[in-house]
Amino acid sequence: MQRILGMALLAWLMLAGQAHAGRIVKVGVVLFPPYIVLQQDARGSTLRVELLELMNSFQRDYRFVPVVSGPLRRFHDFDQGMYDLSFYDNLAWGWKDRAVDATKVFLRGGEVYVALARHGRDENYFADLSDKRMIGMRGYHYGFAGFNNDPAFLRERFQMSFTDDNEATLRLLLLERGDVAVVTEAYLAGYLIRNPQDKDRLLISRKKDQPYSHSIIVRRGARPTVDELNQLLDKMQRAGVLKPLWRKYGADAEGNYPDKP
């Protein structure tokens with residue numbers, strides 16, 4: 001258990017325990033740092049979702065298990081019945097034509113634009129992106145493109161280069177392989193803590209590409225229902241077990257990100 005979760009959360013997890021025989025619920029997960037991250041151990045690589053682990057520790061009716069998918073195949077996997085829930089998601093990200101519902105919003109944040117700092121370059125640089133070479137993660141829905149995630153469209157319209165994680169997105173920008181990168185606020189905040197030498201090299205927009213309103217997407221007719229999940233999230237919030245996790249991601253105690261990293 002990572003130290004940053006805090007003593008209160010650690011104590012709760014120790015009391016609750018990890019193992020229980022609840023009903024198995026398959027959760028589709030896609031790499032989405034810092035919320036869903038790649039973890040490597042002796043058994044290989046897998047995606048880790050700490051919110052999912054926390055929910056398993058808090059109750060015993062259900063056992064949430066991750067099903068690894070990808071940004072471009074996640075809807076196909078859902079349609080094939082490979083999973084019933086999707087964490088850190090939003091109905092606007094491609095779900096509107098499917099028989100799904102969403103829980104209450106449990107975490108807010110956003111994505112910002114990042115460019116290389118240059119003399120005379122300021123916030124106005126981000127006003128018009130039509131002539132910029134964009135960099136972002138493959139299969140993601142971005143506001144500047146009207147949430148169209150088709151790679152061919154993005155390459156043709158925005159000369160977009162694609163990566164598989166936020167760190168690679170920033171690396172391409174620092175190598176001048178594009179003009180503007182789109183990065184999650186929470187990830188950027190952590191990146192600058194780990195790499196303070198890059199802070200003066202980057203111009204970070206005040207304007208957001210999109211605000212995040214994270215919820216859990218639920219297949220209609222599946223268990224747990226949206227109401228059950230909302231009740232669980234409310235109980236976890238009241239118990240104070242979510243706050244350390246939000247703080248770890250750079251959020252304040254209410255799960256709302258500050259305006260800038």
Side-chain angles (χ1 to χ4, degrees), residues 22-37 46-56 58-59 61-111 136-151 153-154 164 182 184 186 208-237 242 245-246 249 251 255-257:
R23 178 177 180 169
I24 292 177
V25 179
K26 296 180 180 179
V27 180
V29 298
V30 176
L31 183 65
F32 188 26
Y35 319 107
I36 304 175
V37 297
T46 186
L47 293 183
R48 183 183 184 195
V49 190
E50 289 179 280
L51 176 61
L52 184 152
E53 296 169 3
L54 184 58
M55 290 170 68
N56 279 337
F58 195 85
Q59 51 76 47
D61 294 330
Y62 299 101
R63 181 159 65 91
F64 300 97
V65 297
V67 175
V68 178
S69 188
L72 293 176
R73 76 170 193 268
R74 65 194 188 107
F75 298 116
H76 174 269
D77 291 349
F78 178 82
D79 293 341
Q80 294 299 309
M82 295 180 64
Y83 65 90
D84 292 317
L85 272 62
S86 179
F87 280 29
Y88 294 108
D89 215 322
N90 190 292
L91 286 174
W93 296 346
W95 292 103
K96 290 186 175 178
D97 294 330
R98 288 174 168 79
V100 296
D101 294 304
T103 66
K104 62 183 291 185
V105 173
F106 60 82
L107 184 65
R108 299 185 189 276
E111 286 176 324
M137 291 180 65
R138 184 178 290 105
Y140 278 53
H141 297 78
Y142 291 112
F144 73 85
F147 301 103
N148 185 339
N149 72 337
D150 177 56
F153 166 80
L154 292 168
D164 292 321
V182 191
T184 304
K208 287 183 174 66
D209 176 73
Q210 61 175 306
Y212 281 159
S213 298
H214 289 303
S215 59
I216 300 173
I217 302 298
V218 184
R219 186 191 301 274
R220 288 178 190 159
R223 296 285 305 273
T225 64
V226 165
D227 286 343
E228 286 179 285
L229 288 166
N230 282 336
Q231 291 173 21
L232 175 58
L233 290 168
D234 286 342
K235 288 179 181 178
M236 293 168 69
Q237 183 178 15
L242 291 177
L245 190 60
W246 301 158
Y249 296 151
N256 297 306
Y257 287 110

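Side chains are part of it too, since the values below use all heavy atoms of this structure and drop only hydrogens, waters and symmetry mates.
Contact of the Arg219 side chain with the Tyr83 side chain is not registered, since no non-hydrogen atoms from C-beta on lie closer than 4.5 Å. By the 4.5 Å heavy-atom criterion applied to side chains, Leu154 and Asn148 are not counted as neighbours. Under the 4.5 Å side-chain criterion, counting only non-hydrogen atoms from C-beta, Pro33 is not in contact with Thr184. Side-chain contact between Ser69 and Val30 is present, with heavy atoms from C-beta onward closer than 4.5 Å. Taking 4.5 Å as the limit, every side-chain heavy atom of Leu51 sits out of range of all side-chain heavy atoms of Ile36. When side chains are defined from C-beta on, Phe64 does not count as touching Val49, because their heavy atoms never get closer than 4.5 Å. Within the 4.5 Å cutoff, no side-chain heavy atoms of Val182 are placed close to those of Tyr140.
Within the model, atoms CG of Leu229 and CE of Met55 stand 5.0 Å from one another, a figure rounded to the nearest 0.5 Å.
Of the residues Phe75, Tyr212, Phe147, the one that meets the ring pair (Phe, Tyr, Trp, His ring centres under 6.0 Å) test with Trp93 is Tyr212. With Ile217 as the fixed residue, the side-chain contact (heavy atoms from CB on, under 4.5 Å) test singles out one of Asp84, Asp101, Asp89: Asp89.
For the pair Arg23 and Asp61, the salt-bridge criterion is not met [side-chain N within less than 4.0 Å of a carboxylate O].
For the pair Asn230 (side chain) and Thr103 (backbone), a donor-acceptor distance under 3.5 Å is absent. Gln231 contributes no side-chain N or O that, together with a main-chain N or O of Glu228, makes up a donor-acceptor pair within less than 3.5 Å.
Ring centroids of Tyr249 and His214 are separated by 6.0 Å or more, keeping the two rings apart.
Using bins of under 30°, 30° to 60° and over 60° for the plane-to-plane angle, the ring pair Tyr35/Tyr88 lands in the parallel bin.
The neighbour count for Asp79 CG, taken as heavy atoms of other residues, nucleotides or ligands under 6.0 Å away, is above 12.
Side-chain contact check for Tyr62 and Arg223: at least one donor-acceptor pair (N or O, by modelled atom type) lies under 3.5 Å.
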